[in-house]
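Working notes, structure below.
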Amino acid sequence: MALDATRTLSGTMVKIYHNGKWVTNAKGVELQGEINYEDIPRAGNRALGKKATTIEWTGTLTNYKINHDFIKAISQVRHENKTAYVTELMVEINDPESPDTKAWIRVKGVQFTTIPVLNFEVGEIVEEELPFVFTDYQYV
């Protein structure tokens with residue numbers, strides 16, 4: 001069966017929400033898990049076996065720079081009496097031409113890993129990349 005190109009997911013139809021508000025300046029999001037394996041030597045066999053042991057969840061939120069709200073929240077960790085900023089993101093996938101991909105993804109325990117105070121170039125639209133780790137996700 002041939003691919004129906006009209007049913008492919010358009011990133012234009014993906015929305016990110018933070019604290020119940022649509023992050024209208026979001027340009028993109030990447031969520032992924034890296035499965036870590038431990039080598040298992042096996043008797044009578046030169047080939048190592050592999051045992052899945054942990055998963056490390058990472059992501060990146062890319063935004064057009066319109067304010068400093070995320071940076072101010074992330075920056076609280078630099079104060080000795082404050083903890084790291086922990087939050088959740090909701091990702092809505094809702095492309096009407098691709099109904100099989102419609103979903104909500106709740107990203108739990110988000111902790112940003114850098115404080116990107118400012119990065120700009122003259123003549124360019126300013127964007128900010130917010131890399132993070134997270135504890136889990138679920139389809140809701």
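The structure presented is a predicted model; accordingly, all values stated were derived computationally and were not measured.
- A search for side chain to side chain donor-acceptor pair (under 3.5 Å) contacts involving Y64 returns nothing, not counting sequence neighbours.
- Within the 4.5 Å cutoff, no side-chain heavy atoms of V29 are placed close to those of T60.
- The aromatic rings of F132 and F134 are tilted relative to each other, their planes meeting at an angle between 30° and 60°.
- Applying the salt bridge (charged side-chain N to carboxylate O under 4.0 Å, His left out) test between K65 and each of E127, E121, E128 identifies E128 as the sole match.
- A 4.5 Å side-chain heavy-atom check between K102 and I93 finds every atom pair outside the cut-off.
- More than 12 heavy atoms of other residues, nucleotides or ligands lie within 6.0 Å of NZ in K50, so this atom counts as buried by the packing criterion.
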Carefully, step by step, assess K82 and V77 under the rule side chain to side chain contact (heavy atoms under 4.5 Å, CB included). CA-CA 6 Å; K82 299 272 188 164; V77 73; over 6 Å; no
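- For the pair D95 and T8, the tightest heavy-atom approach, listed with the atom from each and the gap, is OD2-O, 3.6 Å.
- Atom CD1 of I115 sits about 10.0 Å away from atom CD of Q76, to the nearest 0.5 Å.
- Shown here for G33 and W57, the closest heavy-atom pair between the two residues is CA-CE3, 3.4 Å.
- Under the 4.5 Å side-chain heavy-atom criterion for ILVMFWY residues, a single connected hydrophobic cluster contains both Y85 and V107.
- Clustering ILVMFWY residues whenever any of their side-chain heavy atoms sit less than 4.5 angstrom apart, transitively, puts L61 in the very cluster that holds V117.
- Summarising the local packing, CG of N67 is surrounded by more than 12 heavy atoms from other residues, nucleotides or ligands at distances under 6.0 Å.
- Judged by distance alone, the side chains of N36 and T54 do bring a donor and an acceptor atom under 3.5 Å apart.
- Judged purely by atom type and a 3.5 angstrom limit, N19 has no side-chain atom pairing as donor or acceptor with the backbone of K21.
- Within the 4.5 Å cutoff, no side-chain heavy atoms of L130 are placed close to those of T62.
- Taking the six-membered ring for Trp, F112 and F70 have ring centres closer than 6.0 Å.
- Here the closest heavy-atom approach between residue L48 and residue P41 is recorded as CD2-CA, 3.7 Å.
- A 4.5 Å side-chain heavy-atom check between T135 and V110 finds every atom pair outside the cut-off.
- Ion pair R7/E97 not flagged as a salt bridge, since none of the NZ, NE, NH1 or NH2 atoms sits closer than 4.0 Å to an Asp/Glu carboxylate oxygen.
- Using a 4.5 Å heavy-atom threshold, the side chains of I71 and P116 count as touching.
- When all heavy atoms are compared, the tightest approach of N63 to A26 is OD1-CA, 3.3 Å.
- The neighbour count for I125 CD1, taken as heavy atoms of other residues, nucleotides or ligands under 6.0 Å away, does not exceed 12.
- A salt bridge is absent between K108 and E88: the closest approach of a Lys/Arg side-chain nitrogen to an acidic carboxylate oxygen does not fall below 4.0 angstrom.
- Expressed to the nearest 0.5 Å, how far CD of Q111 lies from OG1 of T83 amounts to 8.5 Å.
- In this structure, M90 belongs to a hydrophobic cluster whose other members, linked by side-chain heavy atoms under 4.5 Å apart, are Y17, W22, W104, V140.
- Here the CD1 atom belonging to I105 is positioned 11.0 Å from the CD atom belonging to E92, to the nearest 0.5 angstrom.
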